[in-house]
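Contents: one structure, followed by commentary.
By convention in this document, chain letters (A, B, ...) are assigned in the order of the sequence lines, proteins followed by strands, and residues within each chain are numbered from 1. Owing to the predicted nature of the structure, the values given are computational and were not obtained by experimental measurement.
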Protein chains: 2
Amino acid sequence: MEGKAKQILIADDEADILEIVGYNLSKEGYEIYTAKDGNEALEKAKQLNPDLIILDIMMPKKTGVEVCQILRSQPAFQDTLIIFLTALSDESSHIKGLETGADDYVSKPISPKVLNSRVNALFRRVSNKETGKTITVGNILIDPVKFLVTINGDEIILAKKEFELLYLLASRPGRVFLRNEILSQVWGNDVIVGDRTIDVHIRKVRQKLGVDCITTVKGVGYKFEL
Amino acid sequence: MEGKAKQILIADDEADILEIVGYNLSKEGYEIYTAKDGNEALEKAKQLNPDLIILDIMMPKKTGVEVCQILRSQPAFQDTLIIFLTALSDESSHIKGLETGADDYVSKPISPKVLNSRVNALFRRVSNKETGKTITVGNILIDPVKFLVTINGDEIILAKKEFELLYLLASRPGRVFLRNEILSQVWGNDVIVGDRTIDVHIRKVRQKLGVDCITTVKGVGYKFEL
DNA sequence: CTTCCATGTTAACATTATGTTTACACAAAG
DNA sequence: CTTTGTGTAAACATAATGTTAACATGGAAG
């Protein structure tokens with residue numbers, strides 16, 4: 001189903017973190033490489049050209065932000081995914097991280113579960129755009145290539161966000177998506193929007209589809225099911 | 001599905017690059033030949049008449065630019081695809097490269113992924129013109145050989161860019177083409193044009209066709225459908 | 001060599017579609 | 001019957017595209 005294993009380079013000066021994170025991600029089927037300071041990270045990045053680079057902000061030799069900047073300045077790493085690991089309180093580096101061109105950030109202390117889901121989400125996000133697989137659930141058909149939703153052959157036109165929202169929910173029918181997850185997947189981790197925004201879009205989708213296939217799970221989120 | 005394997009000649013004085021690039025492109029199904037300086041590149045080019053030549057700018061004996069100029073002056077190599085490899089900073093040679101008649105350039109350090117996609121894109125771009133298949137959708141007929149569009153037998157004359165634009169969209173009815181894709185396919189990856197340029201051409205095509213067959217997908221791109 | 005014309009491109013502005021917030025209604029849970 | 005979370009409509013803000021006209025440019029015709 002998947003192509004070859006995605007390669008992930010993890011850079012952190014704490015050996016414990018390298019081990020825990022590496023172990024958990026490798027269980028997800030990724031191929032893990034590690035570096036223990038900024039310079040080593042740069043070196044291995046150029047050597048491997050990994051699919052994703054996880055950078056600790058605080059590192060000897062070069063900080064994660066510096067590494068990121070250097071990498072981003074090179075065409076070869078323009079599209080490489082980068083996630084920052086940051087201390088919870090350190091809000092400024094978070095900002096700087098996103099400005100520098102990171103794709104996501106995860107704050108310490110790190111929960112393997114959280115990191116795993118972020119990593120998966122990131123890959124899913126880019127792979128959807130690349131592969132753009134058509135989703136079929138019952139009589140509903142969602143085609144990201146044609147940017148089209150069909151119910152019993154009737155075409156329904158959704159706006160971009162509406163489409164992305166539906167596509168996300170329908171990608172895993174039955175699974176509940178937390179409001180947080182929806183936000184980061186459809187809106188991105190950087191933008192900040194109010195709570196009602198999701199509702200409104202949910203409503204619009206429900207309205208346009210005319211079929212009751214999005215269920216509210218109060219206090220949790222939404223799920224797609226027929 | 002494809003014809004016979006495309007032949008690619010790679011010229012660079014660094015053995016590492018020849019090896020890496022050659023290996024990766026051969027995995028894509030291309031037939032690889034190498035040269036380690038300008039003279040050898042010329043020699044093998046004339047001997048093989050490859051489909052694509054990848055030239056390092058900095059080479060002993062003759063630079064890539066010189067090789068390109070010599071080749072382009074000969075009718076046999078008028079249509080041969082040429083890609084330059086260039087050092088990141090070396091902006092001037094980039095300019096010169098495109099002036100000399102290169103089809104694309106890729107800056108070092110080289111990411112195999114990037115190079116592969118550029119190469120594939122280039123072949124995709126020309127393959128349409130070569131095969132030049134007439135597209136028929138409903139009562140619309142698009143003939144790239146005669147450079148002619150017909151609706152219900154009425155001939156419509158489009159300018160070059162207009163035609164290429166329509167041809168691209170119509171080549172996959174229903175599929176949404178991102179603005180990026182349109183740019184790289186119709187304009188090429190090198191030229192830089194404003195956003196409005198696409199719109200204007202879309203408009204001209206719509207106007208001349210008189211039929212509403214190009215749909216806007218806001219925030220995404222355009223698609224062709226009746 | 002100049003002029004003219006077709007094409008391509010840009011800039012500026014108009015016109016949407018789309019996204020977001022606000023404010024309030026409503027329902028369920030405690 | 002208060003609190004909490006969600007639904008809804010409408011107002012608002014924003015971004016994306018449509019449109020026109022003016023400005024290059026290159027090649028053909030004179």
Side-chain angles (χ1 to χ4, degrees), chain A residues 147-149 155-169 176-224, chain B residues 78 95 98-99 101 147-149 155-169 176-225:
Chain A
F147 207 86
L148 198 71
V149 178
E155 291 186 2
I156 292 167
I157 296 171
L158 297 180
K160 196 179 166 205
K161 280 269 181 331
E162 293 163 10
F163 188 92
E164 289 174 348
L165 180 54
L166 176 62
Y167 192 80
L168 172 67
L169 295 180
V176 178
F177 287 84
L178 311 181
R179 295 178 94 87
N180 278 337
E181 292 179 310
I182 295 175
L183 273 183
S184 71
Q185 297 280 337
V186 177
W187 274 265
N189 338 65
D190 33 14
V191 296
I192 298 164
V193 293
D195 267 346
R196 295 282 71 70
T197 303
I198 297 181
D199 306 358
V200 173
H201 281 88
I202 289 276
R203 165 174 162 60
K204 286 180 182 165
V205 174
R206 280 174 171 158
Q207 208 167 240
K208 287 191 180 176
L209 291 190
V211 183
D212 183 31
C213 57
I214 298 179
T215 310
T216 306
V217 184
K218 267 209 159 186
V220 187
Y222 296 92
K223 66 178 170 179
F224 178 96
Chain B
Q78 213 70 27
I95 308 291
L98 291 174
E99 278 175 357
F147 205 83
L148 198 69
V149 178
E155 291 187 1
I156 292 168
I157 296 171
L158 296 181
K160 194 177 162 210
K161 281 271 183 322
E162 293 162 10
F163 187 90
E164 289 175 347
L165 180 54
L166 176 62
Y167 191 78
L168 172 66
L169 294 180
V176 176
F177 288 83
L178 310 181
R179 294 178 95 87
N180 278 338
E181 294 178 309
I182 296 176
L183 272 183
S184 71
Q185 298 280 340
V186 177
W187 274 264
N189 331 54
D190 34 17
V191 295
I192 297 164
V193 293
D195 267 345
R196 295 283 70 70
T197 302
I198 297 181
D199 306 358
V200 173
H201 282 87
I202 288 277
R203 167 174 160 64
K204 287 180 182 167
V205 173
R206 280 175 172 157
Q207 211 166 237
K208 287 192 180 175
L209 291 190
V211 184
D212 183 30
C213 58
I214 298 179
T215 309
T216 306
V217 184
K218 268 213 163 184
V220 186
Y222 296 92
K223 64 180 170 181
F224 178 96
E225 60 182 358

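- Remark: P of dT18(C) and CG of L165(A) are 15 Å apart, rounded to the nearest angstrom.
- Distance I202(A) CD1 to dT20(C) C1': 15 Å, rounded to the nearest Å.
- As a whole-Å value, the separation of L183(A) CG from dT20(C) C1' is 13 Å.
- Residue F147(B) contributes atom CZ, which lies 11 Å from atom C1' of dT7(C) at whole-angstrom precision.
- Here W187(A) does not reach the OP1 or OP2 of dG19(C): none of its side-chain N or O atoms lies under 4.0 Å away.
- Just one residue in the list R206(B), R179(B), K204(B) forms a salt bridge (Lys or Arg N to Asp or Glu O under 4.0 Å) with D199(B), and that residue is R179(B).
- Take the nearest nucleotide of DNA chain D for G221(B) and for D195(A): the residue whose nucleotide is more 5' is D195(A).
- Across the interface with DNA chain C, nearest-nucleotide mapping of K160(A) and K208(B) shows K208(B) to be the residue nearer the 5′ end.
- Distance check: T215(B) OG1 to L148(A) CG gives 10.0 Å after rounding to the nearest 0.5 Å.
- Annotation: L178(B), atom CG; neighbour count of heavy atoms from other residues, nucleotides and ligands within 6.0 Å is above 12.
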- Query: Which is it for L169(B) and I202(B) under the side chain to side chain contact (heavy atoms under 4.5 Å, CB included) test, yes or no, and what are the steps along the way?
  - Reply: CA-CA 10 Å; L169(B) 294 180; I202(B) 288 277; 4.1 Å; yes
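- Applying the 4.0 Å criterion to OP1 and OP2 of dG5(D), one finds that Y222(A) has every side-chain N and O outside that range.
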- Message: Please evaluate residues L168(B) and F224(B) with respect to the criterion side chain to side chain contact (heavy atoms under 4.5 Å, CB included), reporting the C-alpha separation (whole Å), side-chain torsions for both, the decisive distance (0.1 Å), and the verdict.
- Response: CA-CA 9 Å; L168(B) 172 66; F224(B) 178 96; over 6 Å; no
- Query: Please walk me through it: do W187(B) and I182(B) pass side chain to side chain contact (heavy atoms under 4.5 Å, CB included)?
  - Reply: CA-CA 8 Å; W187(B) 274 264; I182(B) 296 176; 4.1 Å; yes
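- Rounded to whole angstrom, the span from the CG atom of L158(B) across to the C1' atom of dG8(C) amounts to 14 Å.
- Residue R179(A) contributes atom CZ, which lies 16 Å from atom P of dT4(D) at whole-angstrom precision.
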- Item | Under 4.0 Å protein heavy-atom contact, by nucleotide of nucleotides 19-28 of chain D - B base, S sugar-phosphate only | BB--------
- Message: What verdict does the side chain to side chain contact (heavy atoms under 4.5 Å, CB included) test give for Y222(A) and I198(A), after you've listed the backbone C-alpha separation in whole Å, the side-chain angles of each residue and the deciding distance to 0.1 Å?
- Response: CA-CA 10 Å; Y222(A) 296 92; I198(A) 297 181; 4.0 Å; yes
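- Here dA16(D) presents its C1' atom at 13 Å from NZ of K161(A), a figure rounded to the nearest Å.
- Scanning atom types as modelled, one donor and one acceptor separated by under 3.5 angstrom connect the side chain of K218(B) and the base of dT16(C).
- Contact annotation: T216(B) side-chain N/O to dG18(D) OP1/OP2 distance is under 4.0 Å.
- Between dT21(C), dG8(C), dG7(D), one nucleotide has an atom nearer to the side chain of V193(A) than all others, and that is dT21(C).
- The residue F163(A) sits apart from the nucleic acid: no heavy atom pair falls under 4.0 Å.
- One atom, NZ of K204(B), and another, C1' of dT7(C), lie 7 Å apart when rounded to the nearest Å.
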